[in-house]
Structure formats: structure tokens, C-alpha cells
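Structure record follows, encoded as C-alpha cells.
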Protein chains: 4
Amino acid sequence: MKKLTNELLEELLTECRPYSRDGTVVKDIPGQGTIDQNKLGVCIINMDNEVFSAGDTDMKFTLQSASKIISLMMALDDFGKDEVFQNVGMEPMGDFYNSISHLESHDVTKPFNPMVNAGAIAVPAMIKGKDLEDKFSRILKRLRQITNNNSIKMNEEVYESEKLKGDRNRSLSYFMKSTGAIAHDIDETLDLYFRINSIDVHTTDLAKLGAFFANGGRLLKTGEQIIPMEHINTIEAIMMTSGMYNEAGKYAVEVGFPIKSGVSGCIIGSVPGRCGIGIIGPAINEKGNSTAGGALLQRISRNLELNIFSVIRNV
Amino acid sequence: MKKLTNELLEELLTECRPYSRDGTVVKDIPGQGTIDQNKLGVCIINMDNEVFSAGDTDMKFTLQSASKIISLMMALDDFGKDEVFQNVGMEPMGDFYNSISHLESHDVTKPFNPMVNAGAIAVPAMIKGKDLEDKFSRILKRLRQITNNNSIKMNEEVYESEKLKGDRNRSLSYFMKSTGAIAHDIDETLDLYFRINSIDVHTTDLAKLGAFFANGGRLLKTGEQIIPMEHINTIEAIMMTSGMYNEAGKYAVEVGFPIKSGVSGCIIGSVPGRCGIGIIGPAINEKGNSTAGGALLQRISRNLELNIFSVIRNV
Amino acid sequence: MKKLTNELLEELLTECRPYSRDGTVVKDIPGQGTIDQNKLGVCIINMDNEVFSAGDTDMKFTLQSASKIISLMMALDDFGKDEVFQNVGMEPMGDFYNSISHLESHDVTKPFNPMVNAGAIAVPAMIKGKDLEDKFSRILKRLRQITNNNSIKMNEEVYESEKLKGDRNRSLSYFMKSTGAIAHDIDETLDLYFRINSIDVHTTDLAKLGAFFANGGRLLKTGEQIIPMEHINTIEAIMMTSGMYNEAGKYAVEVGFPIKSGVSGCIIGSVPGRCGIGIIGPAINEKGNSTAGGALLQRISRNLELNIFSVIRNV
Amino acid sequence: MKKLTNELLEELLTECRPYSRDGTVVKDIPGQGTIDQNKLGVCIINMDNEVFSAGDTDMKFTLQSASKIISLMMALDDFGKDEVFQNVGMEPMGDFYNSISHLESHDVTKPFNPMVNAGAIAVPAMIKGKDLEDKFSRILKRLRQITNNNSIKMNEEVYESEKLKGDRNRSLSYFMKSTGAIAHDIDETLDLYFRINSIDVHTTDLAKLGAFFANGGRLLKTGEQIIPMEHINTIEAIMMTSGMYNEAGKYAVEVGFPIKSGVSGCIIGSVPGRCGIGIIGPAINEKGNSTAGGALLQRISRNLELNIFSVIRNV
């Protein structure tokens, strides 16, 4: 096992940068189209709140699907596990993240899990708030508290764009409405979904969120338990089985701890009891996962022996 | 966290027995049809080789799909990870264990993962041996070594029956042969597959195998490393994402450690660094998992705090 | 071969009424819920414009999917065959009429055919008109001309209801918009689709439309060719292969001439060179077809020897 | 409407030969691999038993899937319509001819229709005969009688090859056996299926068979009714909706009479009351249909006005 240092991260990152050539940068997110596809940045924060980083950590990007774990955390905290999973499943899907077939072909009234689009659209409807603004403001407040970063806010341009190009998500939504899986107004449900996706962050923010998860829902600085550990366990288990869409199985083997990706090329990782990880590498593959970012995660896991099955046997 | 005792297991088992009413005993396995569907037995062996048990632990049953992790272990040891996963995937499937559609609809040349039938049929072809007998004898020898039980052997009657009723598996096999996923002779491949499924065991044997996995591939008694830990990590990760078929996601959340079920109603569990678990509860649901056995596992995990995300944070 | 008389129709209808017990009346169409499910009416008009009828021909009902052949006729006439079939296919689907999976799973950018919902939503976008009102008014005008019935109009209540409960169709529409199969505004496209579905008719109107098709696009009274025969042939061929959804194959065998059903329980039939048929029998099966109406059609075809393969050999 | 002459056929054939470049010749049929892919031949026989032809009519080829209509005819004649369609459906499938998914995904116990592989494998089991030899000999005898060609026989080399490469068909067969759709021995069922596929013919033989169908099951020379017309109507209806696999809808529109293709590049057509057509053009597309042959059929239909909807209106 190697020691976590900035130099080690630098070294691993240099090895992985070439993998960005195997992916492509999503063109239809404003500001994303002109990004250098070789960008790669990583930040790791351990349980002592020490920060390690390498590469393009100054890069800002939207959460996209990495936000799915935040929505799920809010919904679990607001309504509890039983109620949340009456409306969304927890099974891996074995198909692409925006698949609609599975809604029809498996005689189910709810989407497979909260990490794929259909499920992630159903979840925000279970976040408390007197109106859309209030719901979103509660989410933002929570995220700022966890990351200790009050400047986090939504990217207006990306949000507007998400609304414009959201036809596939509208299709998923209306399908779920037709089967009763969603009872709420579709426009409002999707509006909140698009807002959460459009929150701008840096790798440090992802690492802090990951470390908060790794710490079982307790703030790193104060130790205050702000989300019950049971909910964090639930989210982490779902990240293990479904966080990387139809590459989740491969990452469970090759990385071995809970992670979640977004099409902006970000990945958030959480090694229980160890550290949180934030990665950005904007070139993604057809499954929706950062190619260089994924390669980097595998090297980090191997070099620091972060596979949870090893971690647990080694203590 | 409660202390593991025979009394605790007895108590939890009594709570769970009624769940057998939600399942049915598979009728077409010889000897299975006449089994009392309320049977339920559990055995747990910790890293100090201490044995705890409750219920119907004297019951003998065939491994059925629980054998899939043994085949995978042998293949990984014989040919290495790279070669094995050239022929079988590692992604959760999101469908029933004997599904054939996914072989056709996802433009893949290999089955989803080694825990579902299609994948499990492809795996034994990667076990070394000069002929069928030799291959099976190597498997049996390994299993006897790990369980320290030389009386383990194949149930001839079940084996003959498996061959007779194996049309669905034949269909899966010929499909894979037509796409090139299997290169071997189908009759021989299936014969080995049926033999491994037909091995007779007790819950103690499952618990010992689970404890061996929990111990990272080292024999409990001697500490001898007979399977590389990397392979054990691989198998445990796949058990987490796919071991319980299309209930794998639920069990990752509710149990939170690697498990694998068989249609005889058995479940084998492995809590890394903690213990191995063997359960028999012959009444299974339509997903192929023991209803009472699954309920018992959830209670065991909760009472002993064996969810790996908790374990790792608690140390 | 029997002679077509009112008495014969009466006799066949009496035999078929009991089949209504095998179906159910659609509950969510206004005015439909209270209908006696044993209602059954038939009207046949031959090439000499003679009218034969039996049963509940005084019953008014909405066209529902029977309107799909009118939309297709208008689109073919307005834009020609090549352009229309660039946006919608002509293959039978082998699945339920509101299936969405096929849009995703067959790597196609267009819906299977104009007789299933997805296709029928894409078609009205190819009807000329300066706005929604104009397009619908052109359709109504054409239908009134063909049926020689100026009182035909839309049922406002059904139309409002269609808009309210149209989530499944919205899902299909947004999916097609996301793949580029539809370029138009979804709300407007669906509004026109719902209007056409909500047109109120009697069996006589269906029979007249069927007779107009049977006459190759010429008005019965004047012989004026108002739609090119090539377009009528195209529509009739598609009715043969897809008009009865996933019972189309059975009806091609058992009835043997072009027909199209609607969930109001109506069926329109066209026997080229012979006659047009209108049927209403509000109890439908799960495939969306009138049970008593379908049985009646089979008896009519057999008694009058209207199977086109027979007709053509007998002349 | 043009007059049918050898010159017209020659002219249309010359126009269509270039379409062979859009297809490929199946490589794994013995003797097929070396065929010039520009070959194209056509033979038409009318109800007066007059023979017209053009192109490569001297070419011998195996029936392949064109044999599916012969099996169906034999089964209908031996067991009647009710019994045959208890074991195979009559619905178009909307998928590739060797698809297996549909067997699983539509909760059906029988294959979609007798024109796709799964269905065509189930049909020969319903042909009478005391053993395999006897069954095949009855089929051959019937075919020789209809074509008045006693030299028709099986191509041994193709038959042996079919058996060797039949894994996909074995997969379909065992799947149907596992669901109960086939009760017979798979090896024998497939053996008969492979034999029928391997019968060698010329375009004249196809044209004669097509003319026999067009004549409603009566021998052209003697007028003797050897197959009931009802069975012929049934087969022709199924050819219309499913004879060209997932191009059946297009051919119903563009050709408009019953046809059936085989992967050897042959097509058999039957225009009720008019003529039979045999075509060979070995280059096929991915749907399994001859590209040049399909183009030629469309031209023949248009020039001779053989679309049945037109034929029937014109008489």
C-alpha cells in the first residue's frame, strides 16, 4: 500500500490523462463544448480533513448525474426509506442510463433505481418544500453546509439548456406519470431535476461530499450527525450496484467502493471510514462515464488499497 | 450491536420461519418435492473458526446456483482474471436468472455475469482438467479442502434429473455457441455445469466456504493462502452486484455483504474479515431466492451490524 | 356464398352478441363508461351504394384509432408516399399498440407503422394547414365529403378528456422528438391527434368510408376520384398487416381484407371492389379490438366469401 | 398495364441486376460462397400454364426458408388449421427471422408465426409419417407432384452443413421445448427442418408452386384439388403479413401479393387467380431478402398491375 500524497496523485494522473482520448466531451452542455478534452483533476479528503489534489482542480463543472445521490439523500431524510422506495426501486438495470424500455417490459410500476434517469426524476418529487424555489433552496443549503462552501450555486445557462433539450427526460416522466409512478406535475418535477443537475462545483466540493458520506453522515469538522448513518449506508450500497450505470459491475470489481458519475465527466467517490474523492475528466464513453477519470479511480483504489473488501480484511 | 450466540440465531430464526409461507419449494429437484417448506437452518463460522448454528442444520441439499462462486473461483485460479472476463461479463443484468433475451438484445458476445445461468454455463469451460471427470474431481477436491469435509459428493439422482430437464440451459448454451461466446462441446460443458450444481452439502459447508472467502482465500485452520486474495475480492464484488439475481440491489442495501443463492433454497454469505454464513430455507420466491432465508440474513446483518459500510466505519 | 341481406346480418349479429362478454368497455372515454357492453351494430354499403344494416346502428361513438387511416390518407395526399414514409415505417410491430420499447430497441429513428400510436402521432404533423384549426377543418371537410354527412363533428367532451389522460401518448411523442422522428411542437401535434380521435360517427359513416376505399378513392355517387388509387392501395396494405395491432395476423387469415379498429369498439372494413363495412361493439379485448365486432367480421367474411384471396380467384 | 412477355421480364431484370451490389451472398451454404452475386433469374407461370422467364433460370439453389410454406401446407393438410395453430401463432413479429427474445418477452407459449425460424421449426413436427424418412419422403413426393418435376431432391452437402452450423436453431428449439411449445425430440425435429431447407430447385419449380397456390390448391394441368383452398388462403394471408420477415410490411405495400423469401436469395410469389413467380438473386440484405430479387418483384407487380387490391378492383 502506498501513502497518499500530492506527488502520488500527480503521478497516477499523468498515467491516466491519455485515456481521455477514448472518450468525447458532451457537446450540448453550455460551456462544455469548448473544454479541452484532456483535462483531468482529482481531489481527495481523508477523515482528518486533510486535502490532497492534482491536475485541473480549478475547473468548474456541473454536477449532472452526480447530483442523484444528493437528491436521494434529501428524500431519504425527508420521507424515510420505506416511503422513498415505494416510488423507486433499488435494482441495477443492466441497460443505458436513459433507457425507457425497462419501464415497459418488466411489469413494474416504478423505475429500477435512483441512479438512472427515470428513477432520479421520481426522487426529487419526494423532497420537502412549500414550492419549487423552497425545495431547491433547501437542497443548496444542505450542499453548502456539507461542503462548507457558500458560493455553490446553479449555472443558469446550463439550467436553461437542460430545459430546452430535455425531451428524452420528458418522455421518461410522462411514461411514469401514465403508470402512476409519478403523481406530481411533470414540468415542476423536471424543473427541479434540471436545477439540481445544473449546480456548479469543483472537485474539492465532490471530495468533501464524498468524505461526508465516508464519515457516515457526520460533518468532518464538528462531527455533527446531520444525516442518519442508515441513509448513508443505503445510498452507498446503491452507488456500488448502480452508480456507474451499466459499468457498475466492472467498477465494483476494479474500484471496489461506492462511486457515482455525471456526464460532465465528474465522478464522486466515498471510501467508508477512509476518504472522499472528487474527479473531473470531461471526456466520457458511451455508458456516460469519464474514461480518464475511471482509469484514475482504478489506479487510486489499487495504489491506496481502497477496495472495501481489502480494507475490511486489513484492519 | 448484539453478540453472536446460538440463542440469538435461534431467536432470529423463529421470527423468520413464517416467511417460508411466501415461497414455494422447487418441485423438479429429486428429493426436494417432499421437503417441509417450513425448514430453516443457519450456520455461522467466524474468523476464529467458532461455529454457531440454529434450526435445521442437519438437512442436506444441493448447491444449485450457490456453486456458481466455486466455478468462478476455480476458473480465476486456473486462467486468471483477464482471460475469464474475456468470455463472461461482470455487469448486473436486471432480469431473471435464466433470461435469454439479454444475449440477443445488447449486442454483446458474452453473457452478463457469472452469477446468472448463461454466464455460469460459460465459466466451467475455463476450469482445467484433462477430461470431464478430471475437471469435476479437481473442483470436488478443492471444495473438500476448503470445507475440511471429505464426504462431500455429487447427488447422482439430482444430476440425472438436471440433465433431463436442462432444455432452457441447453437453449442458452447453443445460443452462446452460435455467437461464439462458448467454443466448447455443449454436452460436455453442460454435464460439468449440472454436476457442480448437484453437489450435496450442509449449511456448515456453506459457512466454511463463506468464512474462507471472508478470510481472503486463506484456510481458517492453517492460514495457508490457497486462492489469491485478488480473486476473492473479485468474486465478492460480483456477489454484491449480482449474487441475488434481480434482487441483488435490495440485498446490497438490506444485508450489505456478499451473498449468493441457489434454487434449493440455500444462501451462502461472506462478511470480509468477520464470518461466513450458510443458510437453508427451501421455499423460494419467483426471483429464485429463499424467502425465509433472505429475511433471516437481513436480521443477522442488522443485529450483528455486518453491513460492510458500517463494519468499516466502526473499526 | 350467401346473399347479403339485412336478415343475414341480423342472424350473424345475434350469433355474435354473446362475444361481448369476453371484452370490457373502456372506462376513461366520457360517455363510454355507461354504455351497455352488449351493444353491437353493423352497416355494409356495396359498390352500388346499397345500404344493409343490423343491430345498434343508431349508436354514436368516437373514431379513436379508426381515425388513423384518415390521417394517413390526408398525409399521403398532401405530401406523397415518399415523404410520409421518411417519417414513419410500414412494418407490423408484433407488440401492443402503445408500446414504447420498440422505439428504443430497434435502432430506428421512426415508429414502426401509422396504425400504432407512435406512428399515428407522427402522421398528423404531415397534414397541410396554416394552423391547427385549419388542419383539423380540412380533415373534417374531407370526411364529410366522403361520408356525405355534414353533421360529423368532434365530441368536445371526449377531446378534453383525451388531452387530460394523454400521458402515455405524450411519452411516445417526446421520445420521438428526442430522436428526431418528430420535429413539430408536441402540444400542437397531440392536440390534432386527440381531435381526430374524438370525431363522433355512426356505423354508416364507417361503412361509407370503407366503401370509398373499396372503390379505390372514388366517390360512390359521382365516381369522382378524390384520392389517387395508389394511396388507397398503400393504406389497405398497411391495414392488412397492422390494422388490428397484434391481432393483425389472425385477422388477415380469418377475415382476409383490410380492417382497422378503435378502442371505442369500432371497426372499419374495406373489401376492394366489393363493399365497405362499419361495426360498433364497445367491449374490447386487451389487444384493443372489439370482441363481438371481430367475431361478426369473421362470420361476414365467411358467409359472403369476402376473403380477398377467394374473391380474386372466384372472379 | 403491360403485357407479360419474355422481353418485358428481360428488360425489368436488366434494370434490377445492379441492386445485387447492395446485398451479400451467404457464405456458409456449401456451393453458395462461389456464386457470382450478380446472378438474377425469374420465371412466371400463369393460370394457362404458360411459362415466361429471363436471366439465370438455369441456376440451382436450395429452398431454405421458402420451404416454410411447404411445411405449413403439409401440416395444415395433415392436422387441420385448429391443431396447427395451437402450436404456432399467426402474428407478424416485427423482429429478425432468427430472434429468440420474442419467445421470452411476450408471455407466449408458442412462436409468433410459421414464417420465422422458431415457428418453422415447430411446424414440421406436425407432418405425418411413421419416421423421419417417411415424413421427408411424403414432402418430396408432394412437391414433385405440384411441380411436375420428379428430379427434385435434397442437396446432401447443404444438409450436412445445415446440421453442423445449426446452433442458433438448436437454441430456438430447446427454448421452445423448455416452454412446452415443442414436445418432440429436438434432433429429429431439426433434422427434418434441415432436410426441407436443403431441397434443390430452379426458379421454374418455385413458379409452379406459386401457380399452384394461385390456383387455390388445384393442379394446373388437371384442375385436381389436392390441397383444400381454405388452407391455401391461410398460407397466402400469412405470407402477406410475415413472408418477408421484418420487411413484410414494405412488400405488402410495394408488391401487394403473397411472397416468401429464402436466404439462398430465392423468392416465391403467388398472385391469386393470376400467376406464380420464382426468382433467384443470391445477394441478400440483413433482413434476409434478395436485394435484386425484391426490386424485380416490385417492378413486376407495378408493370403487370399485380397488386391484389388493384387486381380485385379492376376485374
Side-chain angles (χ1 to χ4, degrees), chain A residues 47 81 85 89-96 99 101-102 105-106 112-113 115-116 213-218 229-230 232-242 244-258 270-274 287 302 307-315, chain B residues 47 81 85 89-96 99 101-102 105-106 112-113 115-116 213-218 229-230 232-242 244-258 270-274 287 302 307-315:
Chain A
M47 296 296 89
K81 195 165 123 186
F85 292 106
M90 41 172 100
E91 293 308 318
M93 187 167 72
D95 213 332
F96 286 89
S99 169
S101 302
H102 73 286
S105 63
H106 289 81
F112 262 62
N113 68 66
M115 299 293 111
V116 294
F213 272 61
N215 203 28
R218 290 179 295 252
M229 193 189 289
E230 192 209 342
I232 301 297
N233 287 348
T234 296
I235 302 169
E236 288 184 334
I238 294 175
M239 290 167 77
M240 276 293 275
T241 57
S242 303
M244 300 295 273
Y245 308 121
N246 43 348
E247 288 191 315
K250 171 187 144 190
Y251 278 99
V253 168
E254 303 295 352
V255 166
F257 54 80
S270 166
V271 191
R274 289 289 177 281
K287 313 280 174 71
R302 226 173 300 136
N307 180 304
I308 48 171
F309 304 112
S310 286
V311 169
I312 211 172
R313 269 190 279 264
N314 289 339
V315 291
Chain B
M47 296 295 89
K81 196 166 124 186
F85 292 105
M90 42 172 101
E91 293 308 319
M93 186 168 72
D95 213 332
F96 286 89
S99 169
S101 302
H102 74 286
S105 62
H106 289 81
F112 262 62
N113 69 65
M115 299 294 111
V116 293
F213 272 62
N215 203 28
R218 291 179 295 252
M229 193 189 291
E230 191 210 342
I232 301 296
N233 287 348
T234 295
I235 301 168
E236 288 183 335
I238 293 175
M239 288 166 79
M240 275 294 272
T241 58
S242 302
M244 299 294 273
Y245 309 122
N246 43 348
E247 288 190 315
K250 172 187 143 189
Y251 278 99
V253 168
E254 303 296 351
V255 166
F257 54 80
S270 165
V271 191
R274 289 290 177 281
K287 313 281 174 70
R302 225 174 300 136
N307 179 304
I308 49 171
F309 304 113
S310 286
V311 170
I312 211 171
R313 268 190 282 265
N314 288 339
V315 291

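Reminder, nothing fancy here: chain letters follow the sequence lines and each chain counts from 1. It should be emphasised that the depicted structure is a prediction, and the values quoted were computed from it without experimental measurement.
For the side-chain contact (heavy atoms from CB on, under 4.5 Å) test with F309(A), the passing option among I308(B), I232(B), T234(B), I235(B) is I308(B); the others fail.
For the residue pair I238(B) and V253(A), the shortest heavy atom distance occurs at CG1-CG2, 3.7 Å.
If you measure heavy-atom distances from N215(B) to chain A, the contacts under 4.5 Å come from the backbone alone. With a 4.5 Å cut-off on non-hydrogen atoms, E230(B) does not touch chain A at all. Within the 4.5 angstrom heavy-atom criterion, only backbone atoms of M93(A) (N, CA, C, O) approach chain B.
N233(A) and R313(B) share a side-chain donor-acceptor pair at under 3.5 Å.
Interatomic distance, CG of N113(A) versus NZ of K250(B), reported as 16.0 Å (0.5 Å rounding). Atom OH of Y251(A) is separated from atom CD of E91(B) by 10.0 Å, given to the nearest 0.5 angstrom.
Here A237(B) is the residue among G89(B), A248(B), G273(B), A237(B) with the most heavy-atom pairs under 4.5 Å with chain A. Listed options S242(B), G216(B), G249(B) were ranked by heavy-atom pairs under 4.5 angstrom with chain A; first place goes to G249(B).
Classification of K81(B) and E254(A) as a salt-bridged pair holds, one side-chain N sitting under 4.0 Å from a carboxylate O.
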